[in-house]
Amino acid sequence: MTLKIAIQKSGRLYDDSVKLLKECGIEFNNSLNKLKTEASNFPLEILFLRDDDIPQYVADKVADIGIVGENVVMEKQKDVRVLERLGFGKCRLSIAFPKGKKYQGINSLGGTRIATSYTHILTGFLKKNKINAEIHEISGSVEIAPGIGLADAICDLVSSGSTLFTNGLREVETIMKSEALLIGNPLLSKQEQAIVDKLIFRIQAVKKASKNKYILLNAPNKNLDKIISLIPGMKSPTILPLAQEGWSSVHSVLMEDVFWEVIEKLKTAGAQGILVVPIEKMIL
Ligand code: PRT
Ligand code: ZN
């Protein structure tokens, strides 16, 4: 029994998809130009496809699961389930207007021609907001459409915003935020589901680990309570006496997003020799 996963063949999601599977301890040969490959230590076959085709392949069960952008999942409207949000490939689908053109809220879109590759999502957005606009479907280089007179506005993916900027456009509406998703066919057998569960378990451990750091520090015993209250840890911190009288070593786990704030408070509370190390996997 082998599960089939579809990932992007090349492009923005390729590196992170391969990295995630490898961090899950799955070994495979991903030399370029391969269409598929089998993992050597996990019941998984990896298919390399164009991202646009992944929802269809998963719906048809050519692949059982797949990694693809939420934007593509929403646009294609295929019968697939979202199994896990993966936290990479983050971007947003936005409407952009030429810089020099007046924009006074969403009604300014009425009567315009909007170029996009996301006709389905854009249609839904315009309908919801009761805007009558003309959609021009184009498959690539959407950002040049206003400059060549093909459209008045565009609807495209944005991450840093530099593509819009260099094309004299500015973001005026955000339709949706997107990140890579693990999707699956809704009808998996019991054995297939068991492999999926195993994979998701590993993915969650990798995701949690990347959000946390392991922290070790030396604390004067008189401030120990204060220091412990600053770093609650997974359950509670480990405390070991140091050879030096009156001092302890404290070990715990710290969330990445509160990291700097907590470190400063720890220093003020008398902590010394603070070591912060990355965590590879985290299983709670
Ligand atoms: O060949 P294939 O069809 O598989 O790939 P593709 O060319 O269709 O897709 P690809 O590799 O460009 O993107 C794959 C997925 O990455 C997308 O579906 C999104 O989910 C995600 N993603 C994240 C992005 C971006 N960020 C992104 N910035 N996809 C595209 N872009 C493009 C955008 O279209 C625009 O042209 O980057 C440009 C804007 O970037 P900034 O940084 O200048 O704002
Ligand atoms: Zn594509």
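Whatever order the structure lists them in is the order used to number ligands and atoms, beginning at 1.
The protein heavy atom nearest to atom 14 (C) of ligand 1 is Asp51 OD2, 3.5 Å. For atom 37 (O) of ligand 1, the closest heavy atom belonging to the protein is Arg12 NH2, 3.0 Å. Here the protein heavy atom with the shortest distance to atom 39 (C) of ligand 1 is Thr163 OG1, 3.4 Å. The protein non-hydrogen atom at the shortest distance from atom 29 (N) of ligand 1 is Leu157 CD1, 3.4 Å. Nearest non-hydrogen protein atom to atom 10 (P) of ligand 1 is Gln8 NE2, 3.8 Å. Scanning the protein for heavy atoms near atom 26 (N) of ligand 1, the closest one is Cys91 CB, 3.4 Å.
A cation-pi arrangement is not found for Lys198 relative to Phe201, the charged atom failing to lie both closer than 6.0 Å to the ring centre and inside a 45° cone about the ring normal. A cation-pi geometry, defined here as NZ or CZ lying under 6.0 Å from the six-membered ring centre and within 45° of its normal, holds between Lys22 and Phe28. Relative to the six-membered ring of Tyr57, Lys78 misses at least one condition, a distance below 6.0 Å or an angle of at most 45° to the axis.
Here the N, O or S atom of Asp51 that is nearest to the Zn ion (ligand 2) is OD1. Distances from the Zn ion (ligand 2) to the N/O/S atoms of Asp52 are shortest for OD1.
Listed by number with element, the atoms of ligand 1 under 4.0 angstrom from any heavy atom of Asn71 are 17 (C), 18 (O), 19 (C), 20 (O). In summary, the atoms of ligand 1 found under 4.0 Å from a heavy atom of Val72, numbered by their order in the structure, are 18 (O). Near Gly69, meaning under 4.0 Å from one of its heavy atoms, ligand 1 places the atoms 20 (O). Taking every non-hydrogen atom of Gly11 and a distance limit under 4.0 Å, the qualifying atoms of ligand 1 come out as 11 (O). Per-residue contacts place Asp156 under 4.0 angstrom from the following atoms of ligand 1 (heavy atoms of the residue considered): 34 (O), 35 (C), 36 (O). Close approach of ligand 1 to Val158 (heavy-atom distance below 4.0 Å) involves ligand atoms 44 (O). Interface atoms of ligand 1 facing Gly89, defined by a heavy-atom separation under 4.0 Å, are 21 (C), 23 (C).
Polar contact with ligand 1: absent for Tyr118 (N/O pair, distance under 3.5 Å). Between Gly161 and ligand 1, an N or O atom pair is found at a separation short of 3.5 Å. Polar contact check, Glu70 against ligand 1: no nitrogen or oxygen pair lies under 3.5 Å apart.
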Working for salt bridge (Lys or Arg N to Asp or Glu O under 4.0 Å), residues Glu70 and Arg85: CA-CA 9 Å; Glu70 196 170 356; Arg85 309 184 69 81; 2.8 Å; yes
Pair Lys211-Glu256, salt bridge (Lys or Arg N to Asp or Glu O under 4.0 Å): steps then yes or no: CA-CA 5 Å; Lys211 284 196 200 126; Glu256 176 103 78; over 6 Å; no
Glu173 and Phe97: CA distance, side-chain angles, deciding distance, side chain to side chain contact (heavy atoms under 4.5 Å, CB included) verdict: CA-CA 9 Å; Glu173 301 287 341; Phe97 238 50; over 6 Å; no
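Here Arg50 has heavy atoms under 4.0 Å from ligand 1 in both its backbone and its side chain. Here Leu13 has side-chain heavy atoms under 4.0 Å from ligand 1, and that is the only part of it that gets that close.
Checked for salt-bridge contact, Arg202 and Glu23 miss the test: no charged N lies under 4.0 Å from a carboxylate O. Electrostatic pairing of Glu45 and Lys4 does not count as a salt bridge here, judged by no charged N lying under 4.0 Å from a carboxylate O. A salt bridge links Glu171 to Arg92: one of the charged nitrogens lies within less than 4.0 Å of a carboxylate oxygen.
Distances from atom 28 (N) of ligand 1 to the heavy atoms of Ser162, Ala180, Ser159, Ser160 put Ser159 nearest.
For atom 7 (O) of ligand 1, the nearest protein heavy atom is 4.0 Å or more away.
Taking 4.5 Å as the limit, every side-chain heavy atom of Thr174 sits out of range of all side-chain heavy atoms of Leu93. The closest side-chain heavy-atom distance from Thr116 to Ile135 is below 4.5 Å.
Between His251 and Tyr214, the angle of the ring planes goes over 60°, which puts this pair in the perpendicular group of the 30/60° scheme.
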